[in-house]
Amino acid sequence: VLARAEAAGAEILKPAEDQWWGVRGGSPRDPFAYRWGIHSVVETITDLNPTTKMFRLRLPPDKALPFKAGQFVMVHVPKDGKLSSKAYSICSSPNRQVFIELCLNRVPGGHFFNFLCDLKGGEVLPVKGPYGKFLLNETPADDQIFVPTGTGIAPIRSMIRHLFENKTSLRVWLFLG
C-alpha cells in the first residue's frame, strides 16, 4: 500500500524503527501526531459470499489497538495521488487484540473495496482508531437483542463474540434483516 501511495505521488514520511507514519504531518519525535495511524499486515482475505469479504489484519506486536466491541477504524489507501480514508467496523472480538477483522461489502465502482480486493495478503495497510460510541454495555443485565442488516452485522458480530467469550448467562437474540 505504501509503495502504491508513493508511486501515485504521495509524500510518505517514515520515521526510523517506528511502526507509525504519516503524510505531511506529525513528527518522528511524536509518533501519535501522525494522522495515518498504525501499520497492520493483511493476514487473510476470506470470501463470505460473491460480494462480501472479511479481512484479517495482524497488528504489530508492540502496538496495541485497544478497541471495544462496536467500534470502527479508519483504513487508508491511495487515491488520486493522496491517501484517502474510509471507516470500517471491527467485526472481531476485543478479547483478541493481536489482530482485527473487517467485513467489507462490494459497492459498484467503489474505490476502497476494489483496491483492497486486489491485495493478496502480506501487504501493509495503515489503520487508525479505534473510534465510535456504538458500544456494548460491559455489564448487561437483560437479554440482548440485535437486528442488523448487510455488513451492519460487523459491529454486532464483535459484540456477540465478546458476550459469548466472556461466558454470558444472558440470552442473545440475532435477527438478520
Side-chain angles (χ1 to χ4, degrees), residues 1-15 18-28 30-46 48 52-107 109-119 121-136 148 150-159 161-162:
V1 174
L2 295 176
R4 283 174 144 178
E6 288 177 311
E11 185 177 346
I12 308 296
L13 302 174
K14 300 176 199 167
D18 198 323
Q19 293 294 322
W20 296 81
W21 60 279
V23 177
R24 283 223 179 270
S27 152
D30 182 10
F32 295 98
Y34 289 121
R35 65 178 185 243
W36 298 114
I38 192 171
H39 286 179
S40 68
V41 175
V42 179
E43 188 173 51
T44 60
I45 303 169
T46 305
L48 301 178
T52 308
K53 295 183 185 272
M54 184 167 54
F55 292 77
R56 177 176 281 193
L57 308 177
R58 173 84 36 202
L59 302 172
D62 59 335
K63 302 290 184 198
L65 189 69
F67 67 93
K68 294 180 179 179
Q71 289 191 301
F72 67 93
V73 293
M74 298 300 292
V75 175
H76 307 285
V77 301
K79 182 178 181 183
D80 301 326
K82 300 176 187 172
L83 284 177
S84 191
S85 308
K86 184 166 176 136
Y88 288 105
S89 293
I90 301 169
C91 63
S92 50
S93 168
N95 293 346
R96 299 183 185 139
Q97 298 267 325
V98 297
F99 64 84
I100 58 171
E101 292 173 330
L102 308 176
C103 186
L104 284 66
N105 200 30
R106 179 180 296 278
V107 176
H111 175 75
F112 276 82
F113 184 88
N114 292 328
F115 179 90
L116 293 172
C117 286
D118 287 342
L119 302 178
E123 296 89 351
V124 172
L125 188 65
V127 297
K128 187 174 180 185
Y131 299 104
K133 295 181 181 180
F134 177 57
L135 304 175
L136 178 67
T151 54
I153 186 95
I156 303 304
R157 181 180 184 262
S158 178
M159 292 175 182
R161 290 188 75 135
H162 184 67

Are L104 and Y88 close enough, and set up right, to give a side chain to side chain contact (heavy atoms under 4.5 Å, CB included), and what steps lead you there? CA-CA 8 Å; L104 284 66; Y88 288 105; 3.4 Å; yes
Report the C-alpha distance between H162 and L136 in whole Å, list the side-chain angles of each, state the deciding distance to 0.1 Å, and finish with yes or no for side chain to side chain contact (heavy atoms under 4.5 Å, CB included). CA-CA 9 Å; H162 184 67; L136 178 67; 3.8 Å; yes
Before giving the answer on side chain to side chain contact (heavy atoms under 4.5 Å, CB included), spell out for R96 and R161 the whole-Å C-alpha distance, their side-chain angles and the decisive distance to 0.1 Å. CA-CA 11 Å; R96 299 183 185 139; R161 290 188 75 135; 3.0 Å; yes
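For F115 against P78, the heavy-atom pair with the smallest separation is CZ-CD, 3.6 Å. Nearest approach of S158 to P94, heavy atoms of both residues: OG-CD, 3.8 Å. Here the closest heavy-atom approach between residue I156 and residue P148 is recorded as CG1-CB, 3.8 Å. The shortest heavy-atom contact between S84 and K79 is CB-CB, 4.0 Å. Closest approach of M159 to G70, counting heavy atoms only: CE-CA, 3.7 Å. Scanning both residues, F55 and L116, for their nearest heavy atoms gives CE2-O, 3.5 Å.
No side-chain heavy atom of L102 sits under 4.5 Å from any side-chain heavy atom of S89. The closest side-chain heavy-atom distance from K86 to M74 is not below 4.5 Å. Side-chain contact check for I90 versus F67: some heavy-atom pair is nearer than 4.5 Å. Side-chain contact between F112 and V77 is present, with at least one heavy-atom pair separated by less than 4.5 Å.
Proximity of a side-chain donor or acceptor of E43 to a complementary backbone N or O of R58 within less than 3.5 Å is not detected. Using modelled atom types, one side-chain atom of E123 and one backbone atom of G121 make a donor-acceptor pair closer than 3.5 Å.
Side-chain atoms of R106 and N114 include a donor-acceptor pair closer than 3.5 Å.
Among residues two or more places apart in sequence or in another chain, the salt bridge (Lys or Arg N to Asp or Glu O under 4.0 Å) test is passed with K53 by D47. S93 meets the side-chain hydrogen bond (donor to acceptor under 3.5 Å, both in side chains) test with E165; sequence neighbours excluded. Remark: S40 pairs with L57, L59, L125, V127 by the side chain to side chain contact (heavy atoms under 4.5 Å, CB included) rule, at least two apart or across chains. Partners of E101 according to the side-chain hydrogen bond (donor to acceptor under 3.5 Å, both in side chains) rule, which considers only residues two or more places apart in sequence or in another chain, are R56, R157. For L48, the side chain to side chain contact (heavy atoms under 4.5 Å, CB included) partners at least two apart in sequence or on another chain are T46, T52, M54, C103. Q97 pairs by the side-chain hydrogen bond (donor to acceptor under 3.5 Å, both in side chains) definition with nothing, not counting sequence neighbours. Y131 meets the ring-ring contact (aromatic ring centres under 6.0 Å, His included) test with F72; sequence neighbours excluded.
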